> 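My questions all concern the structure below.
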Amino acid sequence: MNLLGKKKRAQSWFDERFGISGIVKFLREKKIPQHKHSLWYYTGSAIMLFFVIQVITGFMLVFYYNPTLAEANKSVGRIMTEIPMGWIIRSIHSWSSSFMIAFVFIHLLSIWITKAYRKPRELTWMSGVFLLCVTLAFGFTGYLLPWDDLSLSATKVGTDIPRSIPIVGVWVTKLLRGGEDVTGDTLTRFFGFHVCILPVFIFILLAVHVYLIQKQGMSLPLAVESKKEKIQELPFWPNFVYRESVVWLILLGILFTVAIFLPPSLDKSADLMAPAPEGIRPEWYFLFLFQALKIFPAKILFINGDTFIVILILVEFLLFFFLPFLDNKPAEMKGKFITFLAYVTIVYAVVMTVWSLL
Amino acid sequence: MKLKYSLFTRRQFLNGLFGGWLGALMVSFLYPVIKFVFPPTREPDQVILPFLDFKDMKPNSVKVFSWGSKPGFVKKNKNGSYWAFVAVCTHLDCNVTYIPEQRKFFCACHDGWYDENGTNIGGPPPRPLRRLILIIEGEDLIIKREGVK
Amino acid sequence: MMWKMKRLLVFSLLIFLLFSFFLLKLNFAQEVMEEEQNKITQAEENAEKIVPSPKDIKESIGIYVFVVWMWIAIIVLIYILRLKIKEVDRLFYIRFFSAKKK
Ligand code: FES
């Protein structure tokens, strides 16, 4: 009894200074609507789970990784062969990145389709698009770090794409590569991006994103909102968090099982002078882009095919970024068309991805 | 003995069970993490050096070799016998040097002194320098950790 | 009834999506393995390639034990979580917390 009383006292001491109970109260009052599209509410926290795993395993890998031309490949090899459990940690980092990006895509498409970006959530969507960019940049920079043939070629191709943008393109490529070509400097630079610059950005963006979600509450899909009946709601804490924990546990189990039984391998150190190996391929989440570049003709309407496609991508990206403003009448024909576009995007991405694998 | 009232509510029991399993799971995740972060850095059992390199040493001088990731000294004594030390101060891990004129080992970090046998004679070092077993076998100089066959 | 079916559909789609990524990787890993086998006959160039695996029998047994234990723990935890969810939902529906406040 005495012990319990002490615990209470300690809690209230802490609470007085920190105000935990205010947060708990807020979370208790935060309501999660329950309807048939509620499943999508879990994708955000799944991303968060993989993000945390990325941070932890990343901290661990950076203890042994050496971002230099001579040592990068060797140090990854050392992690995989000499350091106890090293291959599992690397495998988890690599798999978890794939999972995270997969869930980012699912999260994004679900928001597109349920139109959760409607007023007043435009800024949440925009911060989300930035988060998508940062996440993909994480994937892209991380792919180079093991410095084997595959990653070198993928980086050469990837950093050359911006070159096709008129005027600024050349400078973007130079900025990414740290010079005209991909060299050891590129590796060091990418390492810097991967472990210093991008983490700062992702934490800031994440804070904004999560804050906006807390401020505005969960959005309701259009179909549910228009029904006008009373929707069942559950408190976020603890009812919804327990449900999320179930999802987390399952995902964690799947992640570790896959990571243990299908660890990524490591090729020999990349040779800057050697010709590109056969079958080069970026990570799966860039395949649709990769394939598009492959199949585009060299010249379209007097302009370079590459320039054309890069400009196309940029325009698409801008439209995508301003989607909440374009989709200002969600219930009408225009809104329906925009939802339809989401499905088109899915089909396009899947077809291109499968095609590039054939 | 049968208690009239249960000491725990069902809720407390569930919470305890949940926390216990969760804790156990977390510990099993923590184990590989700890293994990874603290890799075993094993000291070599022995190193074998060509004796040729050490043949021409002057008496009362030392020559460095690498004992794993630490420096070691092969010391030729005045009577021509060879000894081996780990050349690391027993105080706070600095590398020591040998001063032939004074026939002493010296550690610059906190002014530590050892005599020519490696015994600590001045300054903060608490213990003598670590001796290694040195065997000359034909062409080879074999240096072993104590207690290794 | 109808919307339960839909939920099932969405669930299975999600799981399919998830696993299709594994398949991608799996397929890729197999290809790499085949390539490697081809190359071994050609030259020893690929000798440097590192394909990670448990170091010895002890480690591989340890890994199997770990995976089994992890899944058992996860299943038990999910079972307890379901009980807890039932409890907190009931408390919420009888307005346990809001009644206390007013
Ligand atoms: S470390 Fe040698 S005297 Fe302190």
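The shown structure was predicted, so the numbers you read here are calculated from the model rather than taken from an experiment. Just so you know, these numbers use all the heavy atoms, side chains as well, and skip hydrogens, waters and symmetry mates. A note on names: the letters A, B, ... follow the listed sequences, proteins ahead of strands, and every chain is numbered from 1.
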> Would you mind checking which part of C/I63 comes under 4.5 Å of any heavy atom in chain A, side chain (CB onward), backbone (N, CA, C, O), both or neither?
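C/I63 touches chain A through side-chain heavy atoms alone.
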> I need the C/I74 CD1 to A/T257 OG1 distance, nearest 0.5 Å.
7.0 Å
> Mind checking the CG-NZ spacing from A/N239 to C/K84? Nearest 0.5 Å is all I need.
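Answer rounded to 0.5 Å: 11.5 Å.
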> Side chain from CB out, backbone as N, CA, C, O: work out which of these in A/I250 comes under 4.5 Å of a heavy atom of chain C, or both, or neither.
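For A/I250, backbone and side chain are both near chain C.
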> Would you mind checking which part of A/E233 comes under 4.5 Å of any heavy atom in chain C, side chain (CB onward), backbone (N, CA, C, O), both or neither?
backbone
> Can you tell me how far CD1 of C/I80 sits from OG of A/S245, rounded to the nearest 0.5 angstrom?
12.0 Å
> Grab the two heavy atoms, one from A/W87 and one from C/P52, that are nearest each other, plus how far apart they are.
CB-CB, 3.6 Å
> Using non-hydrogen atoms and a 4.5 Å limit, figure out which bit of A/Y285 sits close to chain C: side chain, backbone, both or neither.
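Neither part.
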> Within the supplied structure, the quantity of interest is the number of heavy atoms (other residues, nucleotides, ligands) at a distance under 6.0 Å from A/F261 CZ; does it exceed 12?
yes
> Could you tell me the separation between the OH atom of A/Y242 and the CG atom of C/D89, rounded to the nearest 0.5 Å?
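Atom-to-atom, A/Y242:OH and C/D89:CG are 11.0 Å apart.
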> Check whether more than 12 heavy atoms from other residues, nucleotides or ligands sit under 6.0 Å from atom CE of A/M352, and answer yes or no.
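Check passes, neighbour count above 12.
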> What pair of heavy atoms forms the shortest contact from A/G77 to C/I50, and how long is it?
CA-CD1, 3.6 Å
> Measure C/Y64 against the heavy atoms of chain A and call it side chain, backbone, both or neither at under 4.5 Å.
side chain
> Heavy-atom cut-off 4.5 Å, strictly under: side chain, backbone, both or neither for A/T81 against chain C?
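For A/T81, the contact with chain C is made by backbone and side chain together.
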> Identify the heavy atoms of C/W71 and A/G253 that sit nearest to each other, and give their distance.
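That would be CZ2-C, 3.2 Å.
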> Examine whether an atom of A/I260 lies under 4.5 Å from a heavy atom of chain C, and if so say whether it belongs to the side chain, the backbone or both; otherwise answer neither.
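It is the side chain, since no backbone atom gets that close.
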> Looking at CD of A/Q232 and CZ of C/F92, how far apart are the two atoms once the value is rounded to the nearest 0.5 Å?
8.5 Å
> Please state whether the side chain, the backbone, both or neither of C/E59 comes within less than 4.5 Å of a heavy atom of chain A.
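For C/E59, the side chain is the part near chain A, not the backbone.
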> For atom CZ of A/F26, is the number of surrounding heavy atoms from other residues, nucleotides or ligands below 6.0 Å larger than 12?
yes
